[in-house]
Amino acid sequence: MPDRPRFYLTTAIAYPNNKPGLHTLYEVIGADVVARWHRMKGDDTRFLTGTDEHSVNIAESAAAQGRDIREYVESMVELFTSAEDELLIAPDRFIRTTDPDHRRASQEMVRRAYASGDVYLGKYEGWYCPNEGFKALSDLHETPDGMRCPNHPNVTLQWLTERNWFFRLSAYADRLLAHYAAHPHWVQPEYRKNEMLAFIRAGLEDISISRETFHWGIPFPIAENGETSEREDGSWDPEAGVIYVWFDALINYITGAGFPDDPTSFARYWPADLHVIGKDINRFHTIIWPAMLMSAGIDLPHKVWVHGWLLAAGGDRMSKSRGNMLDPSDVVKALGADGARYVTLREVPFDKDAEVSWDSFVRRYNADLANDYGNLVNRSITMAGRYLDGARPAPRAPAEAPLAAAWATALEGYQRNLESLLLHEALASLWDFVGAANRFVETEAPWALAKAAKAGDAGAAAAEVRLTGVLGDLVEAVRLVSLAVAPFMPSIAPRALDQLGYPYPYAADGNGGPPILDLLAWGGAGGAAESGRLGTPSPLLPRLDVETAPD
RNA sequence: GGCUGGGUAGCUCAGUGGUAGAGCAAGCGGCUCAUAAUCGCUAGGUCACAGGUUCGAAUCCUGUCCCAGCUACCA
């Protein structure tokens, strides 16, 4: 379907060293919502998540456990794919840097940079921890006894020099600044862009892009003499070393689009519309990565969105070692996958950090999902079913339905905020409408109308008409909200539609079905709207006991 | 240390010169369709602190205190 707009988005690939916490998955949940929204809009959507599996630390962790690296990595990656499954994350591809096509992509990018004259042989010098390898200066402490690594305070560090390939990042400062000037919104939020601009203006140094002290990585494709390091039997000369981190990890975004094996796919999906990343890797994505692409003659992604973090009480960063992280499995167990997705994205603004806690999640779930939305669905279907004998009432025309105007406002805000990645604001817009629908019930008091309709007096017929109209509007409101929120709550949406007696036209990942904006018009249920019967009401999002907590 | 952003109701935050706002949590009342739900009302703030400009400052200026981010090779 070449006519459909395409939308390609990615998350940062995860480093599979531990079972992921909810703070790690936050980015993937947010990106999954965006992907589902585009799929439901009818865009040809490609969504990439994955794992970054090469590093000396991974190799050493495997060795420490006496396990084969590949077997070890398989087991670690499984933790990530199963966590994504639990949270209903639906990537079109889960890319692994150990995938064969990724190796080819990474090597091709090195070759291109070399061909552009941006790769040269030099020396990397730095503090070397015998237990851990080269250490960044920022990770070390200076003590009276010399430099020490925090993980091994009793080990004396050595200053070592290693032969290394370098990438001429320093040559790209002006071109990067020009790109920032020509595309003022390409890094968002704004303050994240400004940090990078300040960094570029301060001057860029070249970066090393190979290592010869460890071998768990993609073979560096170029030998010292500038020829290929591939040998006649197809193996790679270990003397050439391996590609170091950024020319490996960052490449995944183009591998995932089809580079270099599938030029047709690559032309279709690249440049990416959106990279969603965390603030800790901003520099790599908005300085190094664009320079690498420029060197290779490849267009730059349209937008990089830098999100913040979930913080523990007191503003501490979450981590396994601090013991303050939320286990996604616990949250899913308590709130359901839909509830976990909703509260995470509602409690944490997608452009800032926020403190979260088990209590704040439960409070948000109960207030928004159980009380406001879930109860609205339940009371609406119960009343319509009881007062109209199960026939689904049709909504009134927009001009006669007070809720239709409120919906237009809500949908506009929802869509605008969703498209600009303010996911928390998008939900707030939708929930304004949920509030309006609950107030509408109080104002119209369908139970009183139902009584009047049965009174058998002069007003009964009018009351009957009004009752049907009110309930029709209400049922329509529930349909609209439930469908609109589907990117956030992908398994609740079809259940809500089913209780309303509507079919759910989308696949589990949001593909297929008509463009969602058609269905989100007031009265826009299409052929399915014309007649039908209501399903059986059943609480979708049961209220939680506030005492519920893990452990 | 330098640069940037921020400190407003119990909690999370909006509010950039003109009588302090929202949501949640709390209290009271109404209603009964509903998941002890929902609707309405109430309470609660010397807007970090100290000066200054102004008829008037949460909002502008100066200083102080506190917090966060950035300040290059970790995945």
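Quick caveat, the model's predicted, so the values are computed rather than measured. Chain naming here is simple, since letters A, B, ... match the order of the sequence lines and numbering starts at 1 in each. The figures that follow rest on heavy atoms only: side chains count, while hydrogens, waters and symmetry mates do not.
Checked against G69(B), U35(B), A72(B), the side chain of F199(A) finds its nearest nucleotide in A72(B). Out of C73(B), G69(B), U38(B), the shortest distance to the side chain of E195(A) is found at G69(B). Comparing atom distances between the W447(A) side chain and each of U32(B), G40(B), A72(B) picks out U32(B) as nearest. When distances run from any side-chain atom of E442(A) to the nucleotides G30(B), U12(B), U35(B), the shortest one goes to G30(B). Checking A72(B), C73(B), U35(B) against every side-chain atom of L204(A), the shortest atom distance belongs to A72(B). For V441(A), the side-chain atoms get nearest to C33(B) when compared with the rest of C33(B), C73(B), U35(B). The A370(A) side chain lies nearest to U35(B) when the options are U35(B), C33(B), C73(B). The side chain of K352(A) approaches A14(B) more closely than any other nucleotide in the set U35(B), U12(B), A14(B). The side chain of P542(A) sits closest to U35(B) out of C31(B), U35(B), A25(B). Out of C24(B), U38(B), U71(B), the shortest distance to the side chain of R363(A) is found at C24(B).
Within 4.0 Å of W246(A), counting heavy atoms only, lies at least one base atom of the nucleic acid. L540(A) comes within contact range of at least one nucleobase, with a heavy-atom separation under 4.0 Å. Base engagement by F284(A) is indicated by at least one non-hydrogen atom pair under 4.0 Å involving a base atom. In this structure, L541(A) reaches the bases: a heavy-atom distance under 4.0 Å links it to at least one base atom across the strands shown. Residue contacts for G385(A): at a heavy-atom cut-off of 4.0 Å it reaches no nucleic acid atom on any strand shown. Base contact: N375(A) has a heavy atom under 4.0 Å from a base atom.
The ring-ring contact (aromatic ring centres under 6.0 Å, His included) test applied to H102(A) returns no partner, not counting sequence neighbours. In this view, F167(A) and Y172(A), F247(A) satisfy the ring-ring contact (aromatic ring centres under 6.0 Å, His included) rule, not counting sequence neighbours.
Summary of the strand contacts: P349(A) and N378(A) both lie near RNA chain B, and taking for each the nucleotide with the nearest heavy atom, the more 5' one is attributed to P349(A). For the pair A367(A) and H54(A), nearest-nucleotide mapping onto RNA chain B gives the more 5' position to A367(A).
Going from atom CG of D280(A) over to atom C1' of G69(B) covers 12 Å, rounded to whole Å. Between the CD1 atom of I287(A) and the P atom of C70(B) there is a distance of 13 Å, given to the nearest Å. Atoms CG (D372(A)) and P (C39(B)) sit 7 Å apart, rounded to a whole Å. Rounded to an integer number of Å, the gap from CE of M292(A) to C1' of C73(B) is 13 Å. Between the CG atom of N366(A) and the C1' atom of C24(B) there is a distance of 12 Å, given to the nearest Å. Atom CG of L197(A) and atom P of C70(B) are 16 Å apart (whole Å). Between D432(A) atom CG and G23(B) atom P the separation is 10 Å, expressed in whole Å. Taking atom CG on L449(A) and atom P on U32(B), their separation rounds to 13 Å, with Å as the unit.
Look at C33(B): it lacks any Watson-Crick or wobble partner with both distances under 3.5 angstrom. Remark: C65(B) base-pairs with G7(B); criterion is Watson-Crick or G-U wobble with both hydrogen-bond distances under 3.5 Å. Searching all strands for a Watson-Crick or G-U wobble partner of G27(B) with both distances below 3.5 Å returns C41(B). Searching all strands for a Watson-Crick or G-U wobble partner of U53(B) with both distances below 3.5 Å returns nothing. With a 3.5 Å ceiling on both atom-pair distances, U16(B) lacks any Watson-Crick or G-U wobble partner. Nucleotide A72(B) forms a pair with no other nucleotide shown, judged by Watson-Crick or G-U wobble geometry with both contacts under 3.5 Å.
On the C1' atoms, C60(B) is 25 Å away from G69(B), given to the nearest whole Å. For the C1' atom pair drawn from A48(B) and C33(B), the interatomic distance equals 49 Å after rounding to whole Å. Between the C1' atoms of A22(B) and U32(B), the separation comes to 28 Å (whole Å). A distance of about 14 Å separates the C1' atoms of G15(B) and A9(B), rounded to the whole Å. Taking atom P on both nucleotides, G44(B) is separated from C39(B) by 24 Å, rounded to a whole Å. Taking atom P on both nucleotides, G2(B) is separated from G63(B) by 12 Å, rounded to a whole Å. Here, G40(B) and U53(B) have their P atoms 46 Å apart, quoted to the whole Å. Comparing G7(B) with A50(B), their C1' atoms are spaced 16 Å from each other, to the whole Å.
Taking the six-membered ring wherever Trp is involved, the centroid distance between the rings of Y15(A) and F80(A) does not fall below 6.0 Å. A distance of 6.0 Å or more separates the ring centres of F284(A) and W289(A).
D118(A) CG to F166(A) CZ: the interatomic distance, rounded to the nearest 0.5 Å, is 14.0 Å.
The heavy-atom pair separating L471(A) from P446(A) by the smallest distance is CD2-CB, 4.0 Å.
For D338(A) and R495(A), the salt-bridge test fails: no basic side-chain N is under 4.0 Å from an acidic carboxylate O.
A cation-pi arrangement, defined by a distance under 6.0 Å to the six-membered ring centre and an angle within 45 degrees of its axis, is present between R211(A) and Y124(A).
Using cut-offs of 30° and 60° for the angle between ring planes, the H285(A) and Y253(A) rings count as tilted.
Taking only side-chain nitrogens and oxygens, K279(A) never comes nearer than 4.0 Å to OP1 or OP2 of G5(B). Regarding contacts with the backbone of U38(B), a side-chain N or O of N371(A) is found under 4.0 angstrom from either OP1 or OP2.
Put simply, the side chain of T382(A) and the base of C33(B) share no donor and acceptor less than 3.5 Å apart.
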